Every structure is written in C-alpha cells, then in structure tokens.
Amino acid sequence: MRWTQSLIPTLKEAPSDAEIVSHQLLLRAGLCRKLAGGLYTFCPLGLRVLRKVEGIIREEMDRAGAQEVLMPSLQPPEIWQRSGRYETARDVLYKAKDRSNKEWILGPTAEEVITTLAASEINSYRQMPQNFYQVSVKFRDEIRPRFGLMRAKEFIMKDAYSFDVSDEASMVSYRKMYDAYTRIFARCGLQAFPVEADTGVIGGNYSHEFMVPAETGENEVVYCESGKYAANIEKAASQGPLTTTPNASTGAAHEKFATPGVVTIEALAAAPYGVAGHAQVKTLVYMADSQVVLILLRGDDQMNEAKLAGKLNATAFRAASAEEIFEAMGAHPGSLGAVTSTRKKLAIRVFADEQLRGACGMTTGANEDGFHLRHVDVERDIQVDVWADLRTVKVGEACKVTGEPLKIRRAIEVGHVFKLGTKYSEKLDSTFLDVDGQRKPTVMGCYGIGVTRTLQAVIEQCHDKDGIVWPMSVAPYQVLVTPLGAAGSATMQLGEEIYKELLAAGIEVLLDDRDERPGFKFKDADLIGIPLRVSVGEKSLAKGEVELKPRGGAFVAVKKEDAVAEVIARVRQSLAALA
RNA sequence: CGGGACGUAGCUCAGCCCGGUAGAGCACUUGGUUUGGGGCCAAGACGUCGCAGGUUCAAAUCCUGUCGUCCCGACCA
C-alpha cells in the first residue's frame, strides 16, 4: 500500500478526551476515530490490526477443534427470559423495537442462542464434544464506557461454547480452551496470564480470566510471587488477616457504652475508646432484591461485593439507603449492630464473614445512635444465618498455597473462560440421550476474548515515548519503506523498487511515498509503529546502502542489492518467534 | 444514578472573572524556500462560540434549562 493512497490520519497531539496512553495512540496513529461515546470507526490501519488478531484467534480456535459459526446479534427476548438473564442482565441489555412494536435484544453474548441451536441439533452422546465459536459485534449498555476500545458500548468479541456429556468431559474442553488462550495471547505478543476468577452474572462454578498487567487496567489481581497462585481480587482468598481476631471469651455479657458522635471504625479505634479495628464488628445493610440483609465483617476488613453476590442468591442487590437502614434498624450507619437482643426486626438474614467465627470480646454498634456494645461474643450474641468468605484480601496476607506474602497489581482482562455446567442447557432444554439411555442436560462451557480490547491492550503494553511498537504478528504492515527524497528522486525510485519486490515476495509493506520532510516521515513512522523500516536516503545511497531500522531498535546499514532478502529474512524470523 | 470538570476552527487551547471587532499554535490550500527526526517565509480557506430560552441597547462572556464529552464513585459476563 502507498501512504498517499491510504487514509492514515495521524495526529501530532492527542484529543483531550483520551486519557490513557493506548487510547491516545489509537487515535494519534490513525487506527480509529470516535463516532460517539463508546463507539468507534476503525480506519484502514486499525482494521488491519483487528484482522490480524482475529486471524490468530481463528487459527488457534480451529487448532483446538472448535468450529466457527455466526449467530444473530438481534435476538428474541423470549430466550433471555427463559435463561433468566432478561432480568439478571437487564442493565446491560440494549433493546430495540421493530415496526410492529415487538422487542428485540442486541446481543451482549450468545449463550441463549447457541444453547437453542444445541437443543435442536445435539441429541445424542455420539455428537459430543462440540465447540462452536464466532467473532462478532457485541452490544453492552455500559454505564460508563471508557478508555477507548477498552470498555465500549459496541465491541468485537470472540465467544465460544462447548457442549459435553459430563462434567469430566467438559473439563477437557475447558482445558483445551485454556491452552488455546495461552497460545493466542502469546502469539499476539502479549504478556497475559491466567487468574482464578469470579463467575458473576453469567453463572457457573469454575473460571479463569486472562490478564494483561497494566497500571491502567480496571481489574486488580492478587498473586503470589511463586506463580502458584493468582486470582482476581473479586475471587481471591488468603490465609486471613495479618492480625488475629480476638477469640478468648471473658464470659462477660455484652454491655452498652456511650460513644457520642462516633460513626466510623477509625473514630472508635482512636482515643479515648482505643478499640482496634480488628476487635470491631462492622455492620453493613444491603437490599437484596427487596429484602434487607445484614453483612458482618471485621472492622478493618472491606466487603467484597462479588463474593457477597455469590451468596445472596438475589437478582440484584445494592447498599441500602439511609432511610431504609433507619427503618430496618432504628439507628443510623455508624451505630448499627447485629446483636440479637438489640435488633428492631429479627426477620432479617445475617451474613457474617468467616473471620468473625469464634470472635469474642468484640465491639459493635448498639442500634442506638451514640452507643456501642462491648464484650460481644459473636456466636453467642448474634444469630448468623450464613457464614461465608466475604472480605477482600489485602496486600501482604499469606498465600493459601505457599504461605508467601500476596501482592496486588492492576490488569486488563482480555479473556475469560467459564465452566457453565448445566445452567443454560437445563433452562433452554439442551438435552441428549446418553449411552445408558438416560436423557441428560448437556454440560456447557463458554469462552470469551475481547478482540478490540486485546488490540488496545497490545498498544498499552507495546509502546514507547514515540508511539506504538507493534509485534510483527499483529502489525498493520510488516515493513515500512521510507524514501527520503521527493517524487522522481533516486531515493524514491529505489524505494519504489524495494517496495515492489517486497510486495512480490508476499511481504505486507507500506511505502511512504509522501512528499514530506524526513523528520516528518520518521515521526509518523515511529507513531504508527511498523516493526521494520527501510530508509532510503541520499547519504547511505551514495555508499550503495540503505538502512534497516527495527522499530525501537538501532539502524543497520545494508547493501541496497541485499536489502530485500534481508528484510524478508527478518520478517520471517520475527513471525517465527511469535508462532 | 451521585460528585466534579469541560464544550470556542479538523486537533490542542486562549478569550469568559470585568458583556461591546472571535483569536493563537498545529493541521489544511497556493506559491517560494528547505530536505536524515514533526523546518522557514508569504498569501489563503476554515466558526450558527454545543443547543434552547432568559437578562441587556449589546451575550462566547451573565442566568436558567438541555444535550454531549471526560474524570471519580456506584455499576459492570
């Protein structure tokens, strides 16, 4: 491709609404343009990268035995009602109406559609395992689209769905996808690593996310330096807090004492009270659907909403409002407690974090503004309905696997694999006759890769101060030929020759045939990040040479007649390193 | 949805406080000059100052509303 015939709208300055470096480079390198918040047009260069990433995904999915299909993005709401997600996922569902006022859903994913297909077409154990994938546009009514392609309203996702006869067989399918994902991200030049993950609204019981470490990532990953444990903070567990919870009962009955104006853990920890955070019980009030529930945590712990969601068994939940809290408890936040004898209403479920099991001599709110209770022995004084791990792990706590101190870093989620079990197959009647003649629900797995997000993650990870540094495998072009003279000059003529020979050899090459100054061309070249540049300038041409410059590396002079062969060799070598 | 900020040329932004001629740099067009890391000179084109009301002799500027964008939070397969 000739630069003069391609739309590569580079920018010297980044638009002010681009906050993170990958978003800025996406726009500055002319890869895409914003149409509206969370909606982007891919320009030619960006589309080429997108196709490269998709190509790698297709090769690896095919290699893993998956079959490509294509499902509708416009989906009937009935199947969403059957799966239950019409309600549980309603906040992210885009809905459209046709001329007869019938409602349709713009699919955020396709479990319902593929399960409908399986229900009608997979009827025997002989037909499994099956794994179907597609690469398609997905729609999500994100509350806050941000960071360019990272979190968009419309984006490209590869989604795959496996169907197996049993849990064990499903595990094999899961493992294949896990391995395929590892290869896909490596081939894209990304350092991505799998972490244990929460399954969220999608359901299921076993899951890993593939994470790209980045300060700008929206996820936090808890990991052990040994490499033996890594988990999303929503899922992560440790051996517990660094301070032990008081657990020796004095036998004393709980006792009310005045704490005027004290409504925070910190205030109660300070003089004159001096009750350490880990000796307090924190009481949170949530609305689970329309039910009030109490959540108890150690005072110095933070609630983990993902963990809570897994225990509540509710369609939706949120923190209760001040009014709802007063109505249920008779006191305001900061003075709340779950001690049975102080409760205004007893028909409220109490969820307590495991750290409070056996806790004695604790202090908590008295359900009376300005008062707390001390000498609270949790199991004696509080009627707990559900014990569960509800706390968020903190840096430095001991790893459950190795005992070493855990670390936390931010990361971008580029892929997610789930074992779904029979959640969807049961609701949408995907059943089969097994070898024993029994009718059983198919056992499913689902596997997603955010293709557009992956593209941006590569930029986030592969750039320097001058621009993008594409890995050869996903670069929009493999080689950029940069003649430094004007049209008709000797350098431009040689550049043309090299360009044509590389094209003939099957190399993806861009020729900067613009009549621009060298500095301008070099800046643009660095910005768009083509991995290998061939510069043809008068100085080196006088010595019968041209210059090869790997993006981010140093110049190498090569005899002009050797240039094409050298370039081809280097491209193949780079590709092989990422195969 | 709560909190905050911002909407002025294609992009980055000044002007707004203190109402009175709409500006700069980059990009774009033309000509000249220059040619190894975003040159220089000259000329030119580009704006309903987001939109709608209001106040005023007069509004980019003050007031109200609205739409959009971004940030923080909530939310989030």
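A note on names: the letters A, B, ... follow the listed sequences, proteins ahead of strands, and every chain is numbered from 1. These numbers were taken from a predicted model, which means no experiment stands behind them.
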(request) Select one nucleotide: of B:U12, B:G39, B:A77, the one nearest the side-chain heavy atoms of A:Val92. (result) B:A77
(request) Take atom P in B:G50 and the same atom in B:G44, then report the distance between them in whole Å. (result) 27 Å
(message) With hydrogens left out and only the distance checked, is there a donor-acceptor pair under 3.5 Å joining A:Glu516's side chain and the base of B:G39?
(response) no
(message) Once you apply a heavy-atom cut-off of 4.0 Å, does A:Gly537 come out as touching a base, just sugar-phosphate, or nothing?
(response) base
(request) Please collect all salt bridge (Lys or Arg N to Asp or Glu O under 4.0 Å) contacts where either partner lies in residues 173-182 of chain A, sequence neighbours excluded, each pair once. (result) A:Arg175-A:Asp179
(message) Using OP1 and OP2 only, check whether a side-chain N or O of A:Arg144 sits under 4.0 Å from B:C72.
(response) yes
(message) Parallel, tilted or perpendicular, judged at 30° and 60°: which one describes the rings of A:Phe139 and A:Tyr94?
(response) perpendicular
(request) Among B:A77, B:C75, B:G25, find the nucleotide with the atom closest to the side chain of A:Glu13. (result) B:G25
(request) Go through the N and O atoms of the side chain of A:Ser535 and the base of B:G36, and report whether any donor-acceptor pair is under 3.5 Å. (result) no
(request) Tell whether A:Arg140 reaches the base of B:A77 with its side chain through a donor-acceptor pair below 3.5 angstrom. (result) yes
(request) Searching all strands shown, indicate the nucleotide that pairs with B:G36 (Watson-Crick or G-U wobble; both distances under 3.5 Å). (result) none
(request) Remember a base hit wins even if backbone is also touched, and classify A:Asp524 as base, sugar-phosphate or nothing at under 4.0 Å, heavy atoms. (result) base
(message) Within the 4.0 Å heavy-atom criterion, would you say A:Glu547 contacts the bases, only the backbone, or no part of the nucleic acid?
(response) base
(message) Going by purine N1 to pyrimidine N3 plus the second Watson-Crick contact, or the G-U wobble pair, all under 3.5 Å, which nucleotide sits opposite B:U48?
(response) none
(request) Describe the nucleic acid contact of A:Phe147 in one word from base, sugar-phosphate, nothing, applying a heavy-atom distance below 4.0 Å. (result) sugar-phosphate
(message) Judged by each residue's nearest nucleotide on RNA chain B, which is more toward the 5′ side, A:Lys12 or A:Pro108?
(response) A:Lys12
(request) Name the pairing partner of B:A58, where a pair is Watson-Crick or G-U wobble with both distances under 3.5 Å, or state none. (result) none
(message) For the residue pair A:Arg409 and A:Tyr223, would you count it as a cation-pi contact if the rule is NZ or CZ under 6.0 angstrom from the ring centre and within 45 degrees of the ring axis?
(response) yes
(request) Name the residue closer to the 5' end of RNA chain B, choosing between A:Lys549 and A:Ala18 according to the nucleotide with the nearest heavy atom. (result) A:Lys549
(request) Classify the nucleic acid contact of A:Arg90 as base, sugar-phosphate or nothing, counting any heavy atom under 4.0 Å across all strands shown. (result) nothing
(request) Ignoring backbone atoms, establish whether A:Arg146 has a side-chain N or O less than 4.0 Å from OP1 or OP2 of B:C70. (result) no
(request) Using a 4.0 Å heavy-atom cut-off across all strands, classify A:Lys521 as base, sugar-phosphate, or nothing. (result) nothing
(request) In whole angstrom, give me the gap between the P atoms of B:C62 and B:C1. (result) 27 Å
(message) Looking at B:G19, which nucleotide sits across from it as a Watson-Crick or G-U wobble partner, both distances under 3.5 angstrom, or is there none?
(response) none
(message) Using ring centroids (six-membered ring only for Trp), state whether A:Phe210 and A:Tyr178 fall under 6.0 Å.
(response) yes
(request) Pick base, sugar-phosphate or nothing for A:Arg28, based on heavy-atom distances below 4.0 Å to the nucleic acid. (result) base
(message) Tell me whether the rings of A:Phe326 and A:His332 are parallel (<30°), tilted (30 to 60°) or perpendicular (>60°).
(response) parallel
(request) Compute the centroid of each ring, for A:Phe418 and then for A:Tyr206, and state whether the two points are separated by less than 6.0 Å. (result) no
(request) If B:G31 has a Watson-Crick or G-U wobble mate with both distances under 3.5 Å, name it; if not, just say none. (result) B:C41
(message) Strictly below 4.0 Å: does A:Ser16 bring a side-chain N or O up to OP1 or OP2 of B:U12?
(response) yes
(request) Report yes or no: is there a donor-acceptor pair, N or O only, under 3.5 Å between the side chain of A:Arg151 and the base of B:C76? (result) yes
